[in-house]
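Before any comments, here is the structure.
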Protein chains: 2
Amino acid sequence: MDAIESLGYIPSQTARIFKSGKSYILGLVISQSHISHIMFNAGFQAQFKALTEKAHKEGYNILLITSAEGDSESYFEVIKNQVADGFIIFSPSHNDGLTSLLEEAEIPYVFNMKYSDKPEDHYYVSSDDVEGGFIAGKYLLDLNHTDIRFLVGNVKGGYLPFNADRIKGFKKALDMYHVPFREEMIVKVQGQMNESYNGIHMLFQTERPTALMISNEITTVAALNYFTDNGYRVPRDVSVIGFGPSEFFRSLRPNLTNVSYDISWASAKLVDLLLQRIEGKPVTIEMPKKPELIIRDSTARNMAR
Amino acid sequence: MDAIESLGYIPSQTARIFKSGKSYILGLVISQSHISHIMFNAGFQAQFKALTEKAHKEGYNILLITSAEGDSESYFEVIKNQVADGFIIFSPSHNDGLTSLLEEAEIPYVFNMKYSDKPEDHYYVSSDDVEGGFIAGKYLLDLNHTDIRFLVGNVKGGYLPFNADRIKGFKKALDMYHVPFREEMIVKVQGQMNESYNGIHMLFQTERPTALMISNEITTVAALNYFTDNGYRVPRDVSVIGFGPSEFFRSLRPNLTNVSYDISWASAKLVDLLLQRIEGKPVTIEMPKKPELIIRDSTARNMAR
DNA sequence: CTGTTAGCGCCTTCAA
DNA sequence: TTGAAGGCGCTAACAG
């Protein structure tokens, strides 16, 4: 003990990890190109914060692993060359092949969200996005809106499963009120500020919907800015519903009506899920928590007809 | 090679690190309580993104290390138990003792910003904050404002060195125009949304400054929201200058006049500095880049007197 | 209860 | 050119 003190001996963590095979590191894998899109989104910030907090609580730290490319091979390449007990994967798209590569290599992993509809890929904690789309749509229909647009993220011309689910819920609501669904109700928009702004500009050049559902926080801010810049009043001229952390939407003016779910709960569950996989325990699949509609000041009854 | 392929052999990264003594990991140390305050600030997001990108470019990944407490001992405890080639330290306050502990243990580190005025602690990349405070103050004085308030972050009743520098620059501008400095011109405000909002509310209960300089992005948003909620028009009733990434201030309405500096350059330099220390090379101290005043729509000539 | 040692998996050095 | 072995620093197992 004297010697430790006087020599300033510090045990080598590297050797400890080497010997024990445990690093108490959770890798968060994200593609380099994706990181900018994600870093400025309120939902990701909340998820990231919650992930970090939960990991800390469980004695883990988060290693941010950046992959140059977003495809399965690059992801796998980067993952297998990393020291971590398990991986949380933020995928820019569907990444079909990745799961089998990881399974084969027996690397524990989870996804930050639903990327696939295959039941065997159930290594994520979902919110009930069908329900989310449904309650948003239903609320607008209740307010007498029928000319609704749902703005979703454009990923290589398509959209991610969680948006597919929200759309499904939206259609369900339309069905319930016997309002026919039209393809142009779904508007694919890039998630960054300028691209979103331009997308909304394009939309309002030719059309004049009375209500918007917006699946991305940055796009939501872009929309509000567009309305401010062009003299549209929210909610008098357009009603707007956002999807994401309720906290964030309270910092906007007007305070936004939004569909929100408990991201800090979901993030904690996701870490639990990963830790279970790391320890080789049987995995308990969580029922998705129902999202909630928080009604604030950006939605109003449609008086147009 | 056949065997590698057929057995699915993956070299152990842990063993490699153990053997080589290089992990290609950069630890980013942050206190648990601080993380929420920081995660939602546009400046940090930009810095974090830039750090990640630069690290990736240099072949490193970022390990997010969370310390429960923010004091020097806790930081050191957590740092020494981590596998990383060097550390980037986000300190919640001054952390006097930390540098000597790290020096003694010969652990390479840099700070994300200036925490100390001691020249021997020059392991950070600074912006020229004196200049930043000066150009903001001068511009407002040029616009005939004299009743200016500078809102800075409240850290245990005081403020951090970069804010002290900005205040110094502000005073310099006042001096130049022979406007006497008054203590109440400096307003210490908590950096979170609600606390900021309340702080601004308190300020405007008793006073009616014609211009605000705001050192924190969230506080800036809170101020704009307060003005919206209470019928103050920006810039007609109050002029506002923000400090932070210009990009961010362009997403606000009105577009904000702001003092901005090249955070992605600074972050890259910071990583370079850390890598130099890791490699034991002599350290090149960068001259701070001059911040720039970006004039937009939130500042107007004071007509009051 | 204290003290010694084997071995984790890699890489570099040295020998054949 | 190919092959064998030592040692990084720790910890767990085992011997005294």
Side-chain angles (χ1 to χ4, degrees), chain A residues 1-27 29 55-56 58-63 65-67 73-87 101-109 274-275 277-281, chain B residues 1-27 29 55-56 58-63 65-67 73-87 101-109 274-275 277-281:
Chain A
M1 283 302 169
D2 290 347
I4 286 178
E5 185 64 29
S6 63
L7 295 171
Y9 164 81
I10 296 174
S12 154
Q13 189 64 15
T14 313
R16 291 227 250 241
I17 292 177
F18 175 58
K19 169 76 205 218
S20 69
K22 281 279 303 179
S23 63
Y24 290 97
I25 291 175
L26 265 23
V29 195
H56 177 81
E58 301 290 336
Y60 285 76
N61 285 302
I62 300 271
L63 177 65
I65 302 165
T66 45
S67 162
E73 287 69 31
S74 309
Y75 263 50
F76 184 66
E77 196 60 33
V78 117
I79 286 172
K80 73 175 190 192
N81 286 315
Q82 231 39 70
V83 190
D85 297 336
F87 297 86
L101 286 169
L102 291 169
E103 291 291 352
E104 206 172 326
E106 293 181 11
I107 295 173
Y109 66 89
L274 181 54
L275 294 184
R277 297 202 69 194
I278 289 172
E279 289 159 20
K281 285 187 199 156
Chain B
M1 284 300 169
D2 291 348
I4 285 179
E5 185 63 30
S6 64
L7 295 170
Y9 163 81
I10 297 174
S12 153
Q13 189 64 13
T14 313
R16 290 228 250 242
I17 292 177
F18 175 60
K19 168 76 204 217
S20 69
K22 282 278 303 178
S23 63
Y24 290 95
I25 290 175
L26 265 23
V29 195
H56 177 80
E58 301 290 336
Y60 286 77
N61 285 303
I62 301 270
L63 177 65
I65 302 165
T66 45
S67 160
E73 287 70 32
S74 310
Y75 263 49
F76 184 65
E77 196 60 33
V78 118
I79 286 172
K80 73 175 190 190
N81 286 315
Q82 232 38 69
V83 190
D85 297 337
F87 297 86
L101 285 170
L102 291 169
E103 290 293 351
E104 206 172 327
E106 292 180 11
I107 296 173
Y109 66 89
L274 181 55
L275 293 184
R277 298 202 70 193
I278 289 171
E279 290 159 19
K281 284 188 198 156

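The analysis underlying the following values was restricted to heavy atoms, covering all of them including side chains, and did not include hydrogens, waters or symmetry mates. We name chains A, B, ... by the order of the sequence lines, and we start the count at 1 in each one.
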What residues 17-26 of chain A contributes to the DNA chain D interface at heavy-atom separation below 4.0 Å is Phe18(A), Lys19(A)
_Walk me through whether Tyr60(A) and Asp85(A) qualify under side chain to side chain contact (heavy atoms under 4.5 Å, CB included)._
CA-CA 9 Å; Tyr60(A) 285 76; Asp85(A) 297 336; 3.5 Å; yes
Worksheet item: Is there a side-chain contact between Ile107(A) and Phe76(A) (heavy atoms, below 4.5 Å)?
Response: yes
Just so I know, are the side chains of Phe18(B) and Val83(A) near enough to count as touching, which here means a heavy-atom distance under 4.5 Å? no
Are Glu103(B) and Tyr109(B) close enough that a side-chain donor and a side-chain acceptor fall under 3.5 Å?
-> yes
Between CZ of Arg16(A) and P of dG9(C) the distance, given in whole Å, is 19 Å
Q.
Tell me whether Glu104(A) at atom CD has more than 12 heavy atoms from other residues, nucleotides or ligands lying less than 6.0 Å away.
A. no
